[in-house]
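In listed order, ligands and their atoms are each counted from 1.
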Amino acid sequence: MRFTQRMSRVAVSQTAAVVAKAARLKATGAKVVDFGAGEPDFPTPANVKRAAVQALEQDFTKYTPTGGIPELKKAIVERHARDFGSNYAPEECLVTVGGKQAVFEAIVATVERDDEVILPVPYWVSYLDIIRYAGGNAVLLQTREEEDFAVRAIDIERLITPKTRMIIIDSPNNPTGAVVPPEEMEEILVLAERHNLWLMSDECYCHFIYDGGKPFSLGISKNRENLLVVGSLSKTYAMTGWRIGFALGSTELLAQMLSLQSHSTSNASSITQKAAVEALNGPQDSVATMLAEYNRRRVRIIAGLRSIPGIRCSLPKGAFYVYPNVAAYLDGEGLADTNALADRLLDEAALALVPGPAFGTSQHVRISYATSQEQIDEGLQRLKAFFARQERITLPGRKTRHGATPDF
Ligand SMILES: Cc1ncc(COP(=O)(O)O)c(C=O)c1O
C-alpha cells in the first residue's frame, strides 16, 4: 500500500517515543525514574474536576461551536487581560484541542511549499515536523549555550529572505527553559511587521517564570496584526490529558484555522471546555503553589547536575526543564551520542530522559523536573553512579581516541 509524500516528512514525536519506551519498562515492574515526560505530576485542581462532573451531570455532552463555547472564549480573553493586561475580544480567540492543534493549524494555514519558517534551536520537536508536513523549510537559528540560548531580533533579521513566512518564538522554551526578555520579544514583533511575516508566540509555559521574573505575553502589544499567541491549559492547570488550548490573533487567521478544525476534530471536548471555564475563572492559587514547588525542584536538580564532573547546565529561567550538556561523556564508542546515552540510561539505570537531537542539538539531554523531589534525588543518584562508571574526556579541545572533540 502507498502512503503520501507528505507523510514521509513527519515521524512520531521523539519525546512521545521516549515516554512510550519508559512506559513499557514500567509495565514490567521496573522502578523507572521518569525525567522524560513534559507534563506536571500534580493532579488537576479539584474545582476543575468538579466542573467537569457537573457538565456531565447536566448532559453537556454534545457538539459545541467548532471554535469553542462563547463562555470559554470570554473566560480566556478575560483571564489573559487580568494576567497580562491584554485587550483581546472573544472573536479574536479560538479554542483548540491543546495548544498543539493551534500550532498545527496556524502553520498549515500560512506556510506553503518552499516557504521558510525561522525557528530558533533548540526547538520544541513538533514545530519542525509540522513545518515539513506543510511543505515548508525550517531555517534554524543557532543559539549559544554560553549565552543561555538567547534569541535576539538582530540574529533573526539576518535569516529573513523573500521566502520567509513565519517566525516562531517559544518562551519560556521547551527544552531549555530559556526566556526571551519582553523588550526583545517586542523587537521581534516589530521585525515581523516590517517584513510582513507571521510571528507565532508559543506561550504555553508563560506562567512558569522564576527568579522574580513576571509572566509576560506578547499579546499586550498595540500592533498585533502579524501576531498569533498560542496558549494552553495543559501545563498551567495540570490538565495535559484534557486537551485544551487556544489561539489569540487576527480574526482572518483564526477563520482559516477554524476552517481546518471544522474538518478535523470539530470542537474541543464539551466537558473539557466547561472544566476550562472553571480553571480560568476560579481560584488561581494552585498555579502559584505549583510554581513554588517547581522552583524548589529546579534549584535541586541544577545543584545536583552541576555536582557531576564534566556536566554543564545553564540555569533555566522558566518552564520545568533543564538541558544539560553531556559532551564530556560522548566518546564515539559505547556512548556514541546522546541517543545511545538515553538508551543506556534507560536500560542500565531505569532512568528516562529525552536526547537532544529531538530538539536540534547533539550534546544535550532534556530533563523534565515536573516530578517529585524524591524522584529527582533518586534520578540524580542514578545519573551520578552511571557517569562515574564512564570514561570522561576532561581537557578542553582534547580529541578522544575516536576523533570527537567536545566543544568546550
Ligand atoms: C512548547 C510547547 N508548545 C505547545 C505544546 C502543546 O501542549 P498541549 O497541546 O498539551 O497544549 C507543548 C507541549 O509539550 C510545548 O512544549
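- Shown are Tyr237, Phe84, Phe216; of these, the ring pair (Phe, Tyr, Trp, His ring centres under 6.0 Å) with His207 is made only by Phe84.
- For Arg79, the salt bridge (charged side-chain N to carboxylate O under 4.0 Å, His left out) criterion is met by Asp83, not counting sequence neighbours.
- Closer than 4.0 angstrom to ligand 1 sit non-hydrogen atoms from Gly98, Gly99, Lys100, Trp124, Tyr127, Asp170, Asn174, Asp202, Cys204, Tyr205, Ser232, Ser234, Lys235, Arg243.
- When the salt bridge (charged side-chain N to carboxylate O under 4.0 Å, His left out) test is applied to Arg6, no partner is found at least two apart in sequence or on another chain.
- Exactly one of Ile188, Asp202, Leu218, Leu119 qualifies for a side-chain contact (heavy atoms from CB on, under 4.5 Å) with Ile169. That residue is Ile188.
- No close placement of the Tyr369 and Phe35 rings is indicated, their centers lying 6.0 Å or farther apart.
- Shown here are the salt bridge (charged side-chain N to carboxylate O under 4.0 Å, His left out) partners of Asp343, two or more places apart in sequence or in another chain: Lys21.
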